[in-house]
K.L.:
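Before I ask anything, let me first share the structure, which is written out below as structure tokens.
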2 protein chains.
Amino acid sequence: MCAHCNYQNLLEKAGVEPTANRLQVLAVIGGNDAPLTAAEVFATIGRFHPINRVTVYRILDLLVRHRVLERISSGGRAAHFGLAPNKYHAPHPHFCCSRCGAVICLNPDSLSIDADNLHKTFAGEVDRIEVLVEGICRNCLKQRSNH
Amino acid sequence: MCAHCNYQNLLEKAGVEPTANRLQVLAVIGGNDAPLTAAEVFATIGRFHPINRVTVYRILDLLVRHRVLERISSGGRAAHFGLAPNKYHAPHPHFCCSRCGAVICLNPDSLSIDADNLHKTFAGEVDRIEVLVEGICRNCLKQRSNH
DNA sequence: GATGATTATGCAATATAGTTGCATCAATGA
DNA sequence: TCATTGATGCAACTATATTGCATAATCATC
């Protein structure tokens, strides 16, 4: 767990019951340095506690709606989930390897975005700006040069 | 068709045979002001020419690999496809309405990104930076205020 | 042209990711 | 204790995408 995050508190502040399953989901996601898919969360929890696949989907949905988690579009088919930005976690872009599919978090200040123009001119409501960097990851580059 | 794009040329320059199906796919996508899903491309072409669903998927894949099209992560489940940026089409962010799922193209200069830091420090290869703005579109805002 | 190789397409089956409907269980308040 | 609400489980289902293999079209060579 990150020193600043008490998962129980996070859930309560967001207005959702801190059930055992929800705490599990949050702990698994918070304990990883990269966003995870629903299937990964399910498999990880399932190694120690029985839980239903659908329950995982429902909890992920709920926590995204309550802004505890954020849903990250990964380039691939499955959505990834990470802790939502908050006081202690700055929003940051994600990298997605188009060869192996790995999704990793980038440093919050690796990119800077100026969205003034958007906010001034866009007629809808802007909730979130997601940045996805696509390319070939370090490992895949290495492998590619090995033949 | 956009004045600057001859689809036949686009395909030839990209090194792919300009078959009738490929031209169809490209024309449908190029003729729309917002990126389309595979299903939408399939349905649109299918109104006039018989084509197989799988063929559409394969053509989309091929054209993305050859950088004629770009795959846009839409927040929702289905990928969207638009013309890839080129001399005449600046890369631009996309907006995705979290209520109705609509995906629309934003003005290229509604956002400006500084990626120097990323390029200087990231150990992998960066091919593309995708920006997805999430929120509520104008129409949905209007509907929401109507009750 | 005819012939063989390569590429493109079609079709059926399958895989993957996510969703729905309904039953049950647990917690909460009257 | 009972009724109500919310959380979870389970099975079936939907949407999206992919695979394997057969056929058709195209291209290069004779």
Side-chain angles (χ1 to χ4, degrees), chain A residues 7-8 11-12 14-26 28-29 35-46 48-66 68-81 96 98-101 103, chain B residues 7-8 11-12 14-26 28-29 35-46 48-66 68-69 71-81 96 98-103:
Chain A
Y7 297 139
Q8 176 116 9
L11 290 180
E12 280 163 4
V16 307
E17 277 296 301
T19 69
N21 282 337
R22 289 172 184 169
L23 286 166
Q24 287 285 329
V25 167
L26 201 43
V28 167
I29 290 178
L36 301 176
T37 63
E40 288 164 342
V41 172
F42 173 59
T44 305
I45 296 178
F48 300 101
H49 306 275
I51 188 174
N52 192 274
R53 211 168 58 84
V54 177
T55 301
V56 172
Y57 279 114
R58 287 200 271 232
I59 290 175
L60 291 172
D61 259 26
L62 180 78
L63 299 190
V64 168
R65 280 203 311 277
H66 285 77
V68 177
L69 298 180
E70 80 177 336
R71 183 188 308 266
I72 291 140
S73 321
S74 69
R77 279 215 260 165
H80 285 65
F81 297 87
C96 172
S98 44
R99 196 153 168 283
C100 69
V103 175
Chain B
Y7 297 138
Q8 176 117 8
L11 290 178
E12 280 163 2
V16 307
E17 278 294 301
T19 68
N21 282 337
R22 289 170 185 171
L23 285 167
Q24 287 285 328
V25 167
L26 202 43
V28 168
I29 289 177
L36 301 176
T37 63
E40 288 165 340
V41 173
F42 173 59
T44 306
I45 296 177
F48 300 101
H49 308 274
I51 188 173
N52 192 276
R53 215 166 55 85
V54 176
T55 302
V56 172
Y57 279 114
R58 287 201 271 235
I59 290 174
L60 292 171
D61 258 27
L62 180 79
L63 298 190
V64 168
R65 281 203 309 278
H66 286 77
V68 178
L69 297 181
R71 182 188 308 265
I72 291 139
S73 321
S74 68
R77 279 216 258 165
H80 285 65
F81 298 87
C96 174
S98 44
R99 196 153 169 283
C100 70
V103 175

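From a predicted model like this one, the values you see are computed outputs, not experimental measurements. Note on naming: letters A, B, ... go to the chains in the order of the sequence lines (proteins, then strands), and numbering restarts at 1 for each one.
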K.L.:
Identify every side-chain donor-acceptor pair in residues 71-81 of chain A under 3.5 Å, counting partners at least two apart or on other chains, and give the distances.
P.N.:
from    : atom 1 : to       : atom 2 : distance (Å)
A:Arg71 : NH2    : A:Asp61  : OD1    : 3.2
A:Ser73 : OG     : A:Glu130 : OE1    : 3.4
A:Ser74 : OG     : A:Gly76  : N      : 3.2
A:Ser74 : OG     : A:Ala78  : O      : 2.9
A:His80 : ND1    : A:Ala78  : O      : 3.2

K.L.:
Counting side-chain heavy atoms from C-beta on, which of C:dT9, D:dT16, D:dA7 comes nearest to A:Arg77?
P.N.:
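Output: D:dT16.
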
K.L.:
Rounding to a whole Å, what distance do you find between A:Ile51:CD1 and D:dC10:P?
P.N.:
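These atoms are roughly 11 Å apart.
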
K.L.:
Calculate the interatomic distance between B:Asn52 atom CG and D:dG20 atom C1'; express it in whole Å.
P.N.:
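Computing the B:Asn52:CG to D:dG20:C1' distance gives 14 Å.
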
K.L.:
Starting at CZ of A:Arg53 and ending at P of D:dT8, how long is that distance when rounded to a whole Å?
P.N.:
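Nearest whole value for this atom pair: 16 Å.
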
K.L.:
Measuring only between side-chain heavy atoms, which start at C-beta, is B:Leu63 closer than 4.5 Å to B:Ile59?
P.N.:
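SC-SC contact between B:Leu63 and B:Ile59 confirmed.
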
K.L.:
Consider the side chain of A:Tyr57, meaning its heavy atoms from C-beta on, and name the nucleotide among C:dT9, C:dC11, C:dA17 that approaches it most closely.
P.N.:
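Minimum distance to the A:Tyr57 side chain belongs to C:dA17.
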
K.L.:
Should A:Ile45 and A:Val25 count as side-chain neighbours, where that means a heavy-atom distance under 4.5 Å?
P.N.:
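Heavy-atom side-chain distance check passes, below 4.5 Å.
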
K.L.:
Which heavy atom in B:Leu26 sits nearest to a heavy atom in B:Leu69, and how many Å separate them?
P.N.:
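It is CD1-CD2, 3.7 Å.
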
K.L.:
When you check the phosphate oxygens OP1 and OP2 of C:dA8, does a side-chain N or O of B:Thr19 lie under 4.0 Å from one of them?
P.N.:
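No.
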
K.L.:
Measure from CD1 on B:Ile59 to P on D:dT18 and round the result to the nearest Å.
P.N.:
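Rounded to whole Å, this separation is 14 Å.
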
K.L.:
On DNA chain D, check which nucleotide each of B:Arg58 and B:Ala78 is closest to and give me the residue with the more 5' one.
P.N.:
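With B:Arg58 and B:Ala78 compared, the 5'-side residue is B:Ala78.
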
K.L.:
Quick check against the 3.5 Å criterion: does B:Arg22 have a side-chain atom that pairs as donor or acceptor with the backbone of B:Leu11?
P.N.:
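Checked: no pair found.
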
K.L.:
Output the rounded distance in Å from CG (B:Asn21) to C1' (C:dC11).
P.N.:
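It works out to 15 Å between those atoms.
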
K.L.:
In this structure, how many angstroms lie between the P atom of C:dT9 and the CG atom of B:Asp61, rounded?
P.N.:
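Result: 13 Å.
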
K.L.:
Does some side-chain heavy atom of B:Val41 sit less than 4.5 Å from a side-chain heavy atom of B:Thr37?
P.N.:
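Not touching, per the 4.5 Å side-chain cut-off.
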
K.L.:
Any heavy-atom pair between the side chains of B:Gln24 and B:Ile51 that's under 4.5 Å?
P.N.:
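No. Closest side-chain heavy atoms not under 4.5 Å.
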
K.L.:
Could you please name the option among D:dC10, D:dT19, D:dA17 that lies closest to any side-chain atom of A:Val54?
P.N.:
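That would be D:dC10.
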
K.L.:
With heavy atoms under 4.0 Å as the rule, sort B:Ala39 into base, sugar-phosphate or nothing.
P.N.:
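Nothing, no nucleic acid heavy atom in range.
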
K.L.:
What pairs of nitrogen or oxygen atoms, one from the protein and one from nucleotides 25-29 of chain D, lie under 3.5 Å apart?
P.N.:
from   : atom 1 : to      : atom 2 : distance (Å)
D:dC27 : OP1    : B:Glu17 : OE1    : 3.3

K.L.:
Please report the distance, rounded to the nearest Å, between CG in A:Leu62 and C1' in C:dG18.
P.N.:
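Value for this atom pair: 16 Å.
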
K.L.:
Whole angstrom is fine here: how far is it from CZ in A:Arg65 over to C1' in C:dG18?
P.N.:
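Between C1' of C:dG18 and CZ of A:Arg65: 14 Å.
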
